[in-house]
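Read through the structure below, which is laid out as structure tokens, and then see the notes.
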Amino acid sequence: MKKQIFAALAVSTMVLSCTKSTTKTETTQDETGVTSTTVTTTTSKTGTDTVGIDRTKESINTKLDAAGNKVTTASKEVSSDMKEAGKDIKQGTKEIGQDIKEATAKGAAKVEEGARKLKEDLKK
């Protein structure tokens, strides 16, 4: 979208710079005293080189295409990096969850062992 806007702006600037307009205003009065005003605008092209304009337009389009390709490539790389980071986070979360389960199991075993020893001590 931006490419089309910039290209249209560049082309319209070049087209506007290639024209020359002249405005002429005439006021006339007839025998009855009625005044009429006539405005005449003449637009003419100046002797500019259209080949140069076409070259400039192509150059702008090429640069805009290159910039668009860079943005597309960068967005693909960012997307790929984000997916990789998501996989790393998911793997890390799994590992932490497993560590918590193991620690909980060990803690529960120690509590059960302590309760069993306490029960034996109370029997003595």
Side-chain angles (χ1 to χ4, degrees):
M1 178 79 174
K2 289 182 183 179
K3 290 194 269 184
Q4 287 92 3
I5 292 171
F6 286 129
L9 181 65
V11 169
S12 65
T13 302
M14 286 181 227
V15 169
L16 288 176
S17 66
C18 298
T19 60
K20 178 181 177 182
S21 81
T22 307
T23 304
K24 183 178 178 183
T25 305
E26 292 181 29
T27 305
T28 57
Q29 186 174 14
D30 63 7
E31 302 98 38
T32 61
V34 176
T35 305
S36 63
T37 304
T38 305
V39 178
T40 306
T41 303
T42 306
T43 305
S44 62
K45 291 192 173 202
T46 59
T48 57
D49 182 18
T50 58
V51 174
I53 293 171
D54 289 339
R55 264 193 236 133
T56 304
K57 188 173 109 176
E58 288 177 23
S59 173
I60 289 170
N61 285 335
T62 302
K63 289 178 183 178
L64 288 174
D65 287 340
N69 290 339
K70 286 180 183 179
V71 168
T72 302
T73 302
S75 67
K76 286 180 182 177
E77 289 175 6
V78 167
S79 176
S80 174
D81 291 346
M82 294 298 286
K83 286 179 183 176
E84 192 63 36
K87 288 178 183 176
D88 290 345
I89 290 171
K90 188 175 181 180
Q91 182 62 32
T93 304
K94 279 184 177 180
E95 290 173 3
I96 290 171
Q98 190 64 31
D99 291 346
I100 290 172
K101 285 179 185 177
E102 290 173 5
T104 304
K106 286 180 184 177
K110 287 183 181 182
V111 168
E112 287 176 5
E113 181 66 27
R116 188 180 55 76
K117 286 182 181 180
L118 179 63
K119 189 176 182 180
E120 287 176 7
D121 286 345
L122 290 175
K123 284 183 182 179
K124 290 182 185 179

Any chance you could measure T104, atom OG1, to D99, atom CG, to the nearest 0.5 Å? 10.5 Å

Can you tell me if T93 uses its side chain to pair, donor with acceptor, with the backbone of I89 under 3.5 Å? yes

Could you grab the distance from atom CG of D121 to atom NZ of K123, nearest 0.5 Å is fine? 11.5 Å

K119 side, atom NZ; E112 side, atom CD - distance, nearest 0.5 Å: 12.0 Å

With a 3.5 Å distance limit and no angle check, can you tell me whether S79 reaches the backbone of S75 through a side-chain donor-acceptor pair? no

I96: partners by side chain to side chain contact (heavy atoms under 4.5 Å, CB included), with sequence neighbours left out: I100

In the structure I gave you, are the side-chain heavy atoms of R116 and E120 within less than 4.5 Å of one another anywhere? yes

Qualifying residues under salt bridge (charged side-chain N to carboxylate O under 4.0 Å, His left out), relative to E84, sequence neighbours excluded: none

